[in-house]
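First up is the structure itself, then whatever we jot down about it.
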Amino acid sequence: MEKEYKALEVEEKWLKNWDERMYYFDWNSKKPHYIIDTPPPYPTGSFHIGHALNWCIIDFIARYKRMNGFEVMFPQGWDCHGLPTEVKVEEKYGIKKNEIDRAKFRELCINFTEENIKKMRATAKRLGFSIDWSKEYITMYPEYYKKTQISFVRMFKKGLIYRGYHPVIICPRCETTIALAEIEYRKGKTKLNYIKFSDDVVIATTRPELIPACVALAVNPSDKRYENLVGKSVRVPVGGHEVKIIADEAVDPNFGTGIVMICTFGDRQDVKWWKKHNLELRNIINRDGTLNELAGKYSGLKLSEARIKIIEDLKAQGRVLKQEEIENNVGVCWRCKTPVEIFPAEQWFVKVDKEKVIEMAKKIRWVPEYMLDRLIAWVESMEWDWVISRQRIFATPIPVWYCKNCGKIMVAEEEWLPVDPTKQKPPRNCECGSGEFEGEKDVLDTWMDSSITPLAIVGWPEPKEYPVSLRPQGHDIIRTWAFYTILRSSALVNEIPWKEIVINGIVFGEDGRKMSKSIGNVISPEEVIEKYGADALRQWAASGVIGEDLIFTWRDVVAGSRFQQKLWSVARFVLSHISDYEPKEEDIERLRIADRWIISKLNKLIAFVRENMEKYRFDEALKAIKGFVWYEFADNYIELVKGRLYSGLESNSAKFTLRYVLDRVIRLLAPIIPFITEEIWSKFEKDSVHVQSYPEVEEKFIDEDAEKVGEEMKEILSAIRKFKHDRGLALNAPLKKIIVFSLLDIDTLDLGFATNSEVELTRELPEMKEEVRKLKPKFQILGPMFKDRVKEIVRAVERLSTAEKLKLTKEPLIVTVDGDKVELKPEWFDFEIARTVEGVEAERIETQNSVVLVLC
RNA sequence: GGGCUCGUGGUCUAGUGGUUAUGACACCGCCUUCACACGGCGGAGGUCGAGGGUUCGAAUCCCUCCGAGCCCA
C-alpha cells in the first residue's frame with residue numbers, strides 16, 4: 001500500500017469498476033422494502049452544492065438501510081417543465097416563444113433539458129450516489145406526463161378541480177402574462193391623491209386611473225372616525241356606480257385618510273379583499289393595457305393617459321383635496337421595465353381542503369419535528385385555492401377542449417392520454433353534436449408534475465405498494481413540494497404519501513450568505529471533487545445537523561481529507577501486520593486487557609452509531625467514529641500493542657483485534673465514505689463492502705472491567721508522556737523503571753513496550769499517606785435533600801479538618817450546621833485523594849486509580 | 001408585517017436543570033520514533049447576544065429586547 005492516499009485515483013477506479021446493478025431495486029425481493037421518494041431536481045445543467053448536500057443525506061440513508069437488510073429503492077427523477085428553461089431557450093436561439101410554433105418550441109426545450117440532465121447525471125454519479133438508474137423518470141416525457149394528466153382527469157371527476165376567475169399578471173407592453181418570479185421591483189416616487197367621494201368620505205390612492213374599477217371602500221373596524229360609515233354606500237366619482245363601505249383589519253388607519261379603495265385589481269391586496277368579501281369583478285383593463293367600455297368615457301385610453309385625464313376631471317370637480325409625494329415599490333416587467341398590471345382571467349384551480357391536509361400531515365413522522373409546524377402555519381394562512389393553470393408552453397398540457405359551438409368543456413377520458421389538445425382533437429363529438437373544438441392552450445403548473453412523485457415511482461395508477469417509506473427534502477420547499485404532494489396523495493388515493501419526511505437545511509457560502517452568482521460565493525461540487533474527491537465532500541455533508549442550514553467551508557473538506565489519510569495510514573499499519581493472519585477462535589481466549597478494552601469500546605461505538613444513523617444524525621455518528629479511530633485506536637491502542645507485534649510475543653491476540661476493529665470501522669463508515677472504504681475493504685476481503693451487513697453490537701465483547709483497566713493504562717501512558725515531555729526527553733526514551741501502584745490488572749507487558757521501560761505492578765502501597773485534596777459535593781443528591789440549606793452544608797464541609805475529611809471518605813460524619821446536627825454520608829461527595837509514598841526517591845505521578853513512581 | 005430557526009474561545013461547532021462547557025480549524029512550544037509531519041505530545045484562549053424572571057442551582061426553562069438567516073406577505 002502506498003504511503004499517501006490518492007483519493008482522486010481511487011475514486012475514478014471504483015467508478016469504473018463498480019457494478020451499479022448492486023443498487024437495483026427488485027419488487028420481488030423478500031427483504032423488507034424501503035422506498036425513497038427522492039427529489040427530482042430542476043435540470044438547470046448544474047448539480048449544485050445544495051443538491052449535493054441533499055443527495056449525500058439520501059445516499060447515507062439508502063446505503064445504511066441496504067446494509068441493514070432492506071431492499072432499497074433510490075430512484076432519480078428530473079422535474080423538467082417550467083419557465084426558466086423557456087427563458088434560457090429563448091435566449092439561446094434568440095427567439096420569442098409566442099412567435100414560433102408551439103411544438104417546435106417545445107422540442108427545443110426538450111433538447112436543451114436533455115443536455116442539462118446529462119451533465120447533472122454525471123456529477124451525481126461522480127459523487128458516488130447509490131442511485132438505481134433503472135428507476136429514472138423524466139417528467140417531460142409522455143410516460144410521465146400521462147400520469148400527470150390522469151391525475152388531472154381523476155381530480156376533475158371528483159370535483160376537486162374547477163374553473164374560476166383569478167388574477168394573472170400581465171406586462172401591457174409585451175402583452176403577455178408573466179410569473180411572479182419575472183417581476184422586478186423598483187423604488188420610485190409617486191403621488192398619493194386625496195380624493196373626495198362625498199362630503200364625509202375622502203380616500204387616498206396612488207392609482208386614480210383605477211377609480212372606475214372600484215368595487216368597495218374599506219376602513220379599519222377599530223377606526224373611531226369612520227364607525228358610522230361602515231355598511232353605507234357611496235357613489236364613485238368618474239365611474240358613477242355605487243359601492244359599499246366595508247370594514248377590514250388589514251386596512252392601515254394611518255395611511256392616507258384611513259379609507260382605502262378596493263379595485264379589481266390594483267395589487268395583490270385587492271385580490272385578497274375581493275376573495276374575502278366576495279366583491280363584484282369589475283375589470284376595466286384590456287390585455288394591451290388600454291381601458292375598456294366599463295371605464296365609460298375613458299374607454300380606449302392607455303392607463304397612463306387615463307391617469308392624467310381622470311385627475312384633470314376630478315380637479316375640475318373640486319374633488320382632489322391634496323396630492324403628496326411618497327416613495328413606493330413598483331413591480332415592473334423584467335424585460336422591458338414597464339409597470340405590470342393585474343388582470344382577471346379564467347384559470348384552473350385545485351380545491352384545497354386545509355383540514356384534510358393538516359390531518360394527513362400529522363400522520364407523517366417529521367424529522368425534525370418542528371418542521372410540521374411550518375407546514376401547518378402555511379396551510380392555515382392560505383387565502384385561496386391552488387391555481388394550476390399557466391400561460392406557458394413547456395409544461396404538461398391540460399387535457400381539455402372547448403366546444404366551438406356551445407362552449408362546453410370536454411375533459412379527456414383516461415384512455416385518450418397522453419394528449420396535447422392544441423395538436424389533437426377529441427375522438428368524439430360534443431354533446432351538442434359539434435366536432436369543432438378549441439384545445440386548451442393553458443398548461444399545468446410544474447408542481448402538478450412533481451406532486452405525484454411518490455405515486456409515480458410505485459407504478460400508479462396501479463401502485464404496487466403505498467405509502468412509500470421516506471421523503472427527503474429541503475425546508476425551502478415544505479410549502480410547495482411537501483404540501484402539494486400531501487394534498488394530491490390525499491385527493492387521489494386518500495392516503496399519506498410517505499411514512500416519514502426528513503428535512504435538510506440549505507447551503508450557505510463561506511461568507512454565511514446564501515450562495516448566489518451575483519455575490520460570487522458559489523462553490524460547485526465539481527470544484528471540490530477535483531481538489532479533494534467525493535468522499536471529502538461527503539464528510540462535509542455529514543457534518544450538518546439534520547434540518548439546520550449548513551455553511552460550506554473548505555476547512556471542513558480539508559479536515560475530511562485528513563481523516564481519510566489517517567484512516568489510510570491506520571489501515572496500512574493494520575494490513576501490514578495481518579496479511580498472513582487468519583482469525584482463530586483460540587485467539588479470542590488469549591485477548592489481553594488492551595485488546596478487550598478497545599473491542600469493548602468499539603462495540604459501544606457501534607451501538608451509538610446505529611442509534612444516531614437511525615435518527616439521521618450523521619454528524620454525531622461520523623464524529624464518534626472519527627474520534628474512535630483517531631484518538632482511541634490509533635493514538636492509544638496501536639501504540640500499546642506495537643511491542644507485541646514487533647516482538648512476536650503474544651502477537652496473535654493483537655492481530656485478531658486489529659482485524660476485528662478494522663473490519664467494523666470500515667463497514668461503519670461505508671455509507672458515508674463509499675470510495676475509501678471500498679478500497680481498504682478490497683485489500684483484505686472479497687466482494688464489495690457495500691453489499692455487506694452493517695456491524696452489530698456483540699454483547700459478549702462488552703467488558704466494563706477491561707474498559708476500566710484500559711482507560712487507566714491510557715492515563716498512565718499519557719502521564720508518562722507528559723513526564724517525558726516536561727523533562728525534555730524523547731517520547732521513546734527509556735526510563736530506569738516504572739512502578740505502578742494500582743488495584744487494577746494493569747498489563748505491564750503492553751505498558752512496558754509502549755513506554756520503552758520496565759514496568760512493575762504492585763498491589764501494596766507501603767507507607768502510604770492519604771490526604772483529601774478535593775472534595776466535591778454531589779449537588780444532584782444534596783440539592784433535593786437540603787434545598788436552600790445546601791450552601792451552608794457546603795461551607796460546613798469546607799471547614800472540616802484534614803483528618804475529618806479523610807474520615808468522611810470512609811464513613812458518615814456528623815457536623816453542626818446552624819446549630820443543627822447533620823449526618824453527612826460519603827456517597828454524597830466525590831473525593832480526590834492524594835496518596836504520598838515516603839522513602840522513595842522518584843517522581844510521583846498520580847492518575848485516577850493509580851500511583852506511578854518513575855525512577856529515571 | 002406573519003411563520004420558523006439560530007446567537008457558545010479568533011472562526012465554525014456539540015451540549016434542553018448540576019458546580020471545572022465539547023470538539024475542530026487557526027495559534028504557541030517540543031518531537032522528523034520503523035502506519036501517518038495531511039503526524040505525535042503538550043499549552044494558551046470563553047462574563048455561553050443583552051436584560052429580567054423561575055430554581056438550592058440556568059448555556060439549557062419562561063418573558064422582553066437586540067442581531068442574523070430562511071420561507072411567505
Side-chain angles (χ1 to χ4, degrees), chain A residues 1-5 7 180 250 252 267-269 272 368 370-383 474-480 483 503 505-508 510 512-514 532 536 543-545 547-577 617 619-620 623-624 626-627 630-631 633-636 638-639 642 645-646 658 662 717-718 720-733 756 774 776-794 830 832:
Chain A
M1 274 170 89
E2 286 184 60
K3 194 168 167 178
E4 193 187 337
Y5 176 62
L180 263 176
D252 179 0
D267 59 23
R268 293 174 66 79
Q269 183 60 48
K272 272 197 208 169
Y370 64 78
M371 293 294 180
L372 172 61
D373 298 343
R374 291 200 190 182
L375 182 94
I376 292 174
W378 164 245
V379 175
E380 282 174 347
S381 73
M382 286 191 75
E383 302 191 37
H475 65 63
D476 51 335
I477 49 173
I478 290 175
R479 269 118 191 205
T480 47
F483 166 67
I503 308 289
I506 57 175
V507 179
F508 293 99
E510 216 150 10
R513 290 187 290 174
K514 202 175 179 179
Y532 298 97
S543 73
V545 177
E548 287 182 21
D549 296 334
L550 187 58
I551 291 178
F552 174 84
T553 60
W554 284 103
R555 204 165 59 186
D556 287 343
V557 177
V558 171
S561 166
R562 282 194 193 154
F563 173 61
Q564 283 160 215
Q565 179 58 48
K566 188 73 188 181
L567 183 65
W568 184 253
S569 303
V570 166
R572 188 164 165 250
F573 176 84
V574 171
L575 294 172
S576 71
H577 288 282
R617 287 300 300 264
D619 56 325
E620 290 288 345
K623 209 163 69 180
K626 275 169 86 166
W630 209 312
Y631 305 115
F633 189 53
D635 289 351
N636 288 295
I638 287 182
E639 292 306 322
K642 267 181 179 172
L645 292 165
Y646 289 132
L658 290 176
L662 184 68
L717 187 57
S718 164
I720 290 170
R721 278 173 184 158
K722 187 166 170 13
F723 172 83
K724 289 181 176 177
H725 180 264
D726 291 347
R727 292 290 172 95
L729 297 169
L731 287 181
N732 63 347
N756 198 20
K774 264 187 192 166
K776 292 201 298 190
K778 290 182 185 168
F779 287 94
Q780 308 92 301
I781 299 173
L782 294 176
M785 210 177 273
F786 294 103
K787 305 277 183 196
D788 51 345
R789 294 179 65 205
V790 166
K791 277 181 183 145
E792 292 166 41
I793 304 251
V794 171
D830 280 322
E832 201 178 309

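Chain identifiers are assigned alphabetically (A, B, ...) following the order of the sequence lines, protein sequences preceding nucleic acid strands; residue numbering begins at 1 within each chain.
Annotation: the span from A:Leu567 atom CG to A:Leu662 atom CG amounts to 7.5 Å, rounded to 0.5 Å. Rounding to the nearest 0.5 Å places CG of A:Asp556 at 12.0 Å from OH of A:Tyr532. Within the model, atoms CD1 of A:Ile793 and CG of A:Leu782 stand 7.0 Å from one another, a figure rounded to the nearest 0.5 Å. A:Ser569 contributes atom OG, which lies 10.0 Å from atom CD of A:Glu4 (distance to the nearest 0.5 angstrom). Here the straight-line distance linking atom CG of A:Asn756 with atom CD1 of A:Ile720 works out to 11.5 Å at 0.5 Å rounding.
In this structure, A:Lys623 does not reach the B:U13 phosphate: none of its side-chain N or O atoms is under 4.0 Å from OP1 or OP2. OP1 or OP2 of B:A24 sits under 4.0 Å from a side-chain N or O of A:Tyr631.
When heavy atoms are screened at a 4.0 angstrom cut-off, A:Glu620 is found touching the sugar-phosphate backbone but no base atom. Counting non-hydrogen atoms under 4.0 angstrom, A:Asn756 reaches nothing in the nucleic acid. Within the nucleic acid shown, A:Ala571 has no heavy atom closer than 4.0 Å to any nucleic acid atom. Here A:Ser718 lies in heavy-atom contact (under 4.0 Å) with sugar-phosphate atoms only. Among the protein residues, A:Gln564 comes within range of no part of the nucleic acid, since none of its heavy atoms lies under 4.0 Å from any strand. At a threshold of 4.0 angstrom between heavy atoms, the contacts of A:Phe483 with the nucleic acid are absent. Looking at heavy-atom distances under 4.0 Å, A:His577 makes no contact with the nucleic acid at all.
Taking the C1' atom of each, B:U5 and B:G52 are spaced 24 Å apart, rounded to whole Å. B:C31 and B:G49 have their P atoms separated by 41 Å, given to the nearest Å. Between B:G9 and B:A24, the distance separating the two C1' atoms is 13 Å to the nearest Å. Look at the C1' atom in both B:G40 and B:U33: the space between them is 10 Å, to the nearest Å. The gap from the C1' atom of B:U13 to that of B:C25 amounts to 11 Å, rounded to the nearest Å. Remark: the separation of the P atoms in B:G45 and B:G23 is 16 Å, to the nearest Å. For the P atoms, the distance from B:U64 to B:C71 is 26 Å, rounded to whole Å. Comparing the same atom, P, in B:A50 and in B:A59 gives a spacing of 11 Å after rounding to whole Å.
Rounded to whole Å, the distance from CD1 on A:Ile638 to C1' on B:G39 is 13 Å. The CD1 atom of A:Ile376 sits 21 Å away from the P atom of B:C71 (whole-angstrom rounding). Spacing between atom CD1 of A:Ile478 and atom P of B:C71 amounts to 12 Å, rounded to whole angstrom units. Rounding to whole angstrom units, CZ of residue A:Phe508 and P of B:C12 are separated by 13 Å. Atom CG of A:Asp476 and atom C1' of B:C70 are 8 Å apart (whole Å). Put simply, CG on A:Leu782 is 16 Å from C1' on B:G17, counting in whole angstrom units. Following rounding to the nearest Å, A:Asp635 (CG) and B:C41 (C1') show an atom-to-atom distance of 10 Å. The CZ-P distance, from A:Phe563 to B:G23, rounds to 17 Å in whole Å.
Relative orientation of the A:Tyr5 and A:Trp568 rings is tilted, given thresholds of 30° and 60° on the angle between their planes.
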How is the base pairing of RNA chain B summarised as a dot-bracket string, given the Watson-Crick and G-U wobble criteria with both distances under 3.5 Å, [ ] for crossing and | for another strand?
((((((((.[[[..)..(....]]].(((((.......))))).....[[[[[..)....]]]]]))))))).
Enumerate the protein-to-nucleotides 3-6 of chain B contacts in which both atoms are nitrogen or oxygen and the separation is below 3.5 Å.
residue	atom	partner	partner atom	Å
B:C4	O2'	A:Arg374	NE	2.9
B:C4	O2'	A:Arg374	NH2	3.2

Could you list, one pair per line, each protein nitrogen or oxygen that sits under 3.5 Å from a nitrogen or oxygen of nucleotides 28-34 of chain B, together with the distance?
residue	atom	partner	partner atom	Å
B:G29	N2	A:His725	NE2	2.8

Are there any protein N/O atoms within less than 3.5 Å of an N/O atom in nucleotides 52-58 of chain B, and if so, which ones and at what distance?
residue	atom	partner	partner atom	Å
B:C56	O4'	A:Lys787	O	3.3
B:C56	O4'	A:Asp788	N	3.3

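The two atoms that bring A:His475 and A:Asp549 nearest to each other are NE2-OD1, 2.7 Å, heavy atoms only. Shown here for A:Ala634 and A:Val570, the closest heavy-atom pair between the two residues is CB-CG2, 3.9 Å. The minimum heavy-atom distance linking A:Gly474 with A:Ile503 is given by the pair C-CG2, 3.9 Å.
For the residue pair A:Ser561 and A:Gln565, no side-chain donor N or O sits within less than 3.5 Å of a side-chain acceptor on the partner.
In this structure A:Lys642 satisfies the salt bridge (Lys or Arg N to Asp or Glu O under 4.0 Å) test together with A:Glu639, sequence neighbours excluded. Legend: residues meeting ring pair (Phe, Tyr, Trp, His ring centres under 6.0 Å) with A:Phe573, ordered by chain and number and at least two apart, are A:His577. Residues passing the ring pair (Phe, Tyr, Trp, His ring centres under 6.0 Å) test with A:Phe552 are A:Trp540, A:Trp554, sequence neighbours excluded. The salt bridge (Lys or Arg N to Asp or Glu O under 4.0 Å) check on A:Asp619 picks up A:Arg617, with sequence neighbours excluded. Every residue two or more places apart in sequence or in another chain that forms a salt bridge (Lys or Arg N to Asp or Glu O under 4.0 Å) with A:Arg789 is listed here: A:Asp820. Partners of A:Phe563 according to the ring pair (Phe, Tyr, Trp, His ring centres under 6.0 Å) rule, which considers only residues two or more places apart in sequence or in another chain, do not exist here. The salt bridge (Lys or Arg N to Asp or Glu O under 4.0 Å) search around A:Arg374 returns none, not counting sequence neighbours.
Each of A:Asn636 and A:Arg572 was assigned the nucleotide of RNA chain B with the nearest heavy atom; the assignment lying further toward the 5' end belongs to A:Arg572. The nearest heavy atom of RNA chain B to A:Val570 and to A:Ile506 marks one nucleotide each, and the one closer to the 5' end goes with A:Val570.
Taking the side chain as every heavy atom from C-beta outward, A:Ile638 and A:Phe633 approach each other to under 4.5 Å. Here the side chains of A:Phe483 and A:Ile478 are not in contact, with every heavy-atom distance at 4.5 Å or above.
Considering only side-chain atoms of A:Val545, the nucleotide from B:A35, B:A26, B:A14 that sits closest is B:A14. Checking B:G15, B:C38, B:A35 against every side-chain atom of A:Ser569, the shortest atom distance belongs to B:A35.
A:Lys3 contributes no side-chain N or O that forms a donor-acceptor pair with the base of B:C36 under 3.5 Å.
Less than 4.0 Å separates RNA chain B from at least one heavy atom of each of the following residues of residues 549-559 of chain A: A:Arg555.
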